[in-house]
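Below, chains carry the letters A, B, ... as their sequence lines are ordered, and counting in each starts from 1. Just the heavy atoms: all of them, side chains too, but no hydrogens, waters or symmetry mates, feed the values below.
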Amino acid sequence: MHYWLMKSEPDTFSIDDLQVRPNQTEHWDGVRNYQARNMMRDEMKLGDLVFFYHSNCDEPGIVGIAKVVKEGYPDFTAFDPDDKHFDPKSNADKPTWIMVDVQFVKKLSRTISLKELKLKTELADLALIRRGNRLSIMPVTEAQWQFILALE
DNA sequence: GCCAACGTTGGC
DNA sequence: GCCAACGTTGGC
């Protein structure tokens, strides 16, 4: 059982969007970073829990929880020339990019903001708040997970 | 294989 | 809108 944090821009896809999807489930397409891809391909397992993080918005922070309901499989948006995330180097026989499906679990009662997370010495090692980090998917230790949940 | 140029991310 | 940080690309 692993814990994760996944970033999404709420203007593009928010926790509310996830909540109203059929089965409250959506595929996490569009990741075009090898490190993030490798985590989805190799380490994300059914039932893993995910902090849903809103980035590039008024109050960046953790807004909810999701869980992994389908393990890594080819990101078909890479095959579609009309898709924003089209990648001509990826094809169905040998897909470069991988995604997982996540399902809504809950919204937090409040946003646990990046600003707040940065103040906690307990979270100094969290990838999210290390300077210059741009990974859209990152691991969270169980201790970090429990600590953050207790902030709600 | 080096590295400059360029594009993207994402906080502010 | 700005810009720092970082990943990728492509010439050599």
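Distance CZ (A/Arg32) to P (B/dT9): 11 Å, rounded to an integer number of Å. In this structure, CD of A/Glu9 is placed 9 Å from P of B/dG11, rounded to the nearest angstrom. Rounded to an integer number of Å, the gap from A/Asn133 CG to B/dT9 P is 14 Å. For the pair A/Lys84 NZ and B/dG7 P, the interatomic distance rounds to 16 Å; values are reported in whole Å. Between the CG atom of A/Asp58 and the C1' atom of C/dG1 there is a distance of 15 Å, given to the nearest Å. The distance between atom CD1 of A/Ile137 and atom P of B/dG10, rounded to the nearest whole Å, is 11 Å. Note: NZ (A/Lys118) to P (B/dG10) measures 13 Å, nearest angstrom. Atom-to-atom, CZ of A/Arg37 to C1' of C/dG7 comes out at 14 Å; the value is rounded to the nearest Å.
Residue A/Tyr53 places at least one side-chain N or O under 4.0 Å from the OP1 or OP2 atom of B/dG11. The side chain of A/Lys89 places an N or O atom within less than 4.0 Å of a non-bridging phosphate oxygen (OP1 or OP2) of C/dT9. When the side-chain nitrogen and oxygen atoms of A/Lys7 are compared with OP1 and OP2 of B/dT9, none of them lie within a distance under 4.0 Å.
In terms of modelled atom types and a separation under 3.5 Å, the side chain of A/Arg37 and the main chain of A/Thr96 share a donor-acceptor contact. Side-chain atoms of A/Asp75 come within 3.5 Å of backbone N or O of A/Thr77 as a donor-acceptor pair. A donor-acceptor distance shorter than 3.5 angstrom exists from the side chain of A/Glu71 to the backbone of A/Leu46, with no hydrogens or angles considered.
When each of B/dT8, C/dT8, B/dC12 is scored by its nearest atom to the side-chain atoms of A/Tyr34, the top-ranked nucleotide is C/dT8.
In summary, A/Lys107 and A/Asp16 engage in a salt bridge, as defined by a charged side-chain N under 4.0 Å from a carboxylate O.
Nearer the 5' end of DNA chain C, as judged by each residue's closest nucleotide, is the contact made by A/Asn56, out of A/Arg134 and A/Asn56.
Within the nucleic acid shown, A/Lys115 has no heavy atom closer than 4.0 Å to any nucleic acid atom.
Ring centroid separation for the pair A/His27 and A/Tyr73 does not come in under the 6.0 Å cut-off.
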